[in-house]
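This report concerns only the one structure given below.
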Amino acid sequence: MLLLWVLVVAASALAVLAAGAGEQRRGAAKALNVALVVSDSFDGRLTFHPGSQVVKLPFINFMKARGTSFLNAYTNSPICCPSRAAMWSGLFTHLTESWNNFKGLDPNYPTWMDVMERHGYRTQKFGKLDYTSGHHSISNRVEAWTRDVAFLLRQEGRPMVNLIHNRTKVRVMERDWQNTHKAVNWLRKEAINYTEPFVLYLGLNLPHPYPSPSSGENFGSSTFHTSLYWLEKVSHDAIKIPKWSPLSEMHPVDYYSSYTKNCTGRFTKKEMKNIRAFYYAMCAETDAMLGEIILALHQLDLLQKTIVIYSSDHGELAMEHRQFYKMSMYEASAHVPLLMMGPGIKAGLQVSNVVSLVDIYPTMLNIAGIPLPQNLSGYSLLPLSSETFKNEHKVKNLHPPWILSEFHGCNVNASTYMLRTNHWKYIAYSDGASILPQLFDLSSDPDELTNVAVKFPEITYSLDQKLRSIINYPKVSASVHQYNKEQFIKWKQSIGQNYSNVIANLRWHQDWQKEPKKYENAIDQWLKTHMNPRAV
């Protein structure tokens, strides 16, 4: 049952929690419980200034005040399934070989939850998982496999908004609320009775845009959908309209992404502001569900012995860089929220170190006191957030001063690799030679509007060498290209001679149906180029 009163008395409830937080940390038991809430498509910049001024997020603010905020947390792949595969395995994307939303983590790979269960933890999962496969549509798969084909086809419908004109409508994303209350009921009826520690996972679909109707004018588009109740949590005056580069000046990969996402047309400032406002309102609804978990733990006297973690699989561009969705290394897409609070976690701490979702795996095991495997790509976050670590110099050396993110899926026509260091973001593509890289100085250019790769060749070279020492990215790109061709051939053979008619009725229909022969020839040419003869 929805706790409507939580939303009415949130401020007083938070005050009660705050008053006892210090005492709760001091009285914590040794065997700690863990509650991990992971949403979808939440821009991490909303958890700190100035992004935090645009929408009311009371429970995220509570976690910031009573715990540790990671200001520079990133996804390891800016799309659902590959990102979650990294989080659940503690391995970089090229190690899991989760190349797209359909190909995820090997189901037999031991996740951090599997390991914790083997060490005596009671475990429970609710809601969105998507780490072995996202079960996404044929359109998504074919679009990912054919991204190297020399054609340009719109893969998405034009983004849109939809408002429920009801100031009392709280439960907009009904499925997420149902899963949240399943988690709350599990805490109330089962977890409260355990003598062993527990780990609870809640996966939310919000604030991911909603799918459009399956047919009609808006077929294939994504909808930013909310109610007046949540829209009133947004400070419209604080909404920033992103600056767009002219189409002719866009990086070629960015142009491809913008075109396939159907964003190269004209958008008015009102349209852009509405999309962003509705997205922020969806974030407010997400925050309320996080709050349901926090308040339930408090009411059951479990908060004093539970570490609560909140994060997201990736962000949402919400019309920045002439795009929506994710699939990009720009901050709106790749920067994720990461907050921790509970016994032993420093209150009010903001950590500037770069960290990423592969760090969740070793952090979970570290909380449970379980020895870490040697093969992990991530590092425990506890030393950066723990009250027991006082030496700042030592803390800075407990995590590498870089993170790696990579992308190999749809809406982008080249494998993409991002190395984030102190204030530099370096993005390399494909084989590192055929497509120019990007370099952004986030300290002076937080909106990432000026590529300075040519201006600073020594830094570009140095970061590229560092990236190659972490991952042989030309080799990985070649492997993904081969995989894409092989998968497309298998699918094409399963369809038979009718494959073009099938494609013509996927999300490409508005372009493909005009010149099918042109696009069939482009596919034939692609399959003949650099293809393993055995696969053909």
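Hydrogens, waters and symmetry mates play no part in the numbers below; they use all other heavy atoms, side chains included. What you see is a predicted model; the values in this text were computed from it and never measured.
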Residue pair [X] / [Y], side-chain donor-acceptor N/O under 3.5 Å:
X	Y	value
Glu331	Tyr74	yes
Asp431	Ser434	yes
Tyr210	Asn205	no
Glu486	Trp145	no
His251	Asn451	no
Tyr417	Ser477	yes
Asp464	Tyr473	yes
Ser257	Asp254	no
Ser415	Tyr429	no
Asn76	Ser405	no

Would you call the rings of Tyr310 and Phe42 parallel, tilted or perpendicular, taking 30° and 60° as the class edges?
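Plane angle over 60°, so perpendicular.
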Kindly check if the number of other-residue, nucleotide or ligand heavy atoms within 6.0 Å of OH (Tyr121) is above 12?
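Above 12, so yes.
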Taking atom OH of Tyr461 as the centre, does the number of heavy atoms from other residues, nucleotides or ligands within less than 6.0 Å exceed 12?
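Check fails, neighbour count at 12 or below.
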Between Leu338 and Thr68, is a side chain to side chain contact (heavy atoms under 4.5 Å, CB included) present by the stated rule, with each step listed?
CA-CA 9 Å; Leu338 186 51; Thr68 294; over 6 Å; no
Tell me if a side-chain donor or acceptor on [X] pairs with a main-chain N or O of [Y] at a distance below 3.5 Å.
X	Y	answer
Asp359	Tyr379	yes
Thr460	Ala453	yes
His181	Trp177	yes
Thr306	Leu302	yes
Asp287	Phe59	yes
Thr421	Trp402	no
Ser462	Glu458	no
Glu316	Tyr325	yes
Arg420	Asn422	yes
Ser352	Gln350	no

Residue pair [X] / [Y]: nearest heavy atoms and the distance that separates them:
X	Y	result
Asn375	Leu91	O-CD2, 3.4 Å
Pro242	Met319	CG-O, 3.3 Å
Ser311	Pro337	OG-O, 2.7 Å
Lys326	Pro78	CG-O, 3.0 Å
His119	Val115	ND1-O, 3.0 Å
Gly378	Pro362	C-CG, 3.6 Å

Measuring only between side-chain heavy atoms, which start at C-beta, is [X] closer than 4.5 Å to [Y]?
X	Y	value
Ser39	Leu206	no
Ile275	Phe324	no
Ile307	Pro343	yes
Val308	Ile293	no
Ser258	Met250	yes
Gln304	His298	no
Val412	Val253	yes

Give me each pair satisfying side chain to side chain donor-acceptor pair (under 3.5 Å) with a member in residues 79-96, each pair once, sequence neighbours excluded.
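Checked against side chain to side chain donor-acceptor pair (under 3.5 Å) - neighbours excluded - the pairs reaching residues 79-96 are Asp40-Arg84, Thr75-Ser83, Arg84-Tyr201, Arg84-Asp313, His94-Glu406.
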Run the ring pair (Phe, Tyr, Trp, His ring centres under 6.0 Å) test against Phe48 and tell me which residues pass, sequence neighbours left out.
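Expected list: His335.
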Please lay out, stage by stage, how Thr363 and Asn366 fare under the test side-chain hydrogen bond (donor to acceptor under 3.5 Å, both in side chains).
CA-CA 5 Å; Thr363 301; Asn366 204 180; over 6 Å; no
When you measure from the centre of the six-membered ring of Phe102, is the NZ or CZ of Arg141 under 6.0 Å away and within 45° of the axis?
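Yes, a cation-pi geometry.
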Residue pairs, two or more places apart or on separate chains, that pass salt bridge (Lys or Arg N to Asp or Glu O under 4.0 Å) and touch residues 200-211
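Sorted result for residues 200-211: empty, none.
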Does a salt bridge link Arg122 with Glu196, judged by any charged N lying under 4.0 Å from a carboxylate O?
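Salt bridge flag = yes for Glu196 with Arg122.
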Going through the distances and angles, do Leu467 and Ile471 end up as a side chain to side chain contact (heavy atoms under 4.5 Å, CB included)?
CA-CA 6 Å; Leu467 178 60; Ile471 175 176; 3.8 Å; yes
I want to know whether Trp99 and Phe407 have ring centres closer than 6.0 Å.
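Ring centres of Phe407 and Trp99 not closer than 6.0 Å.
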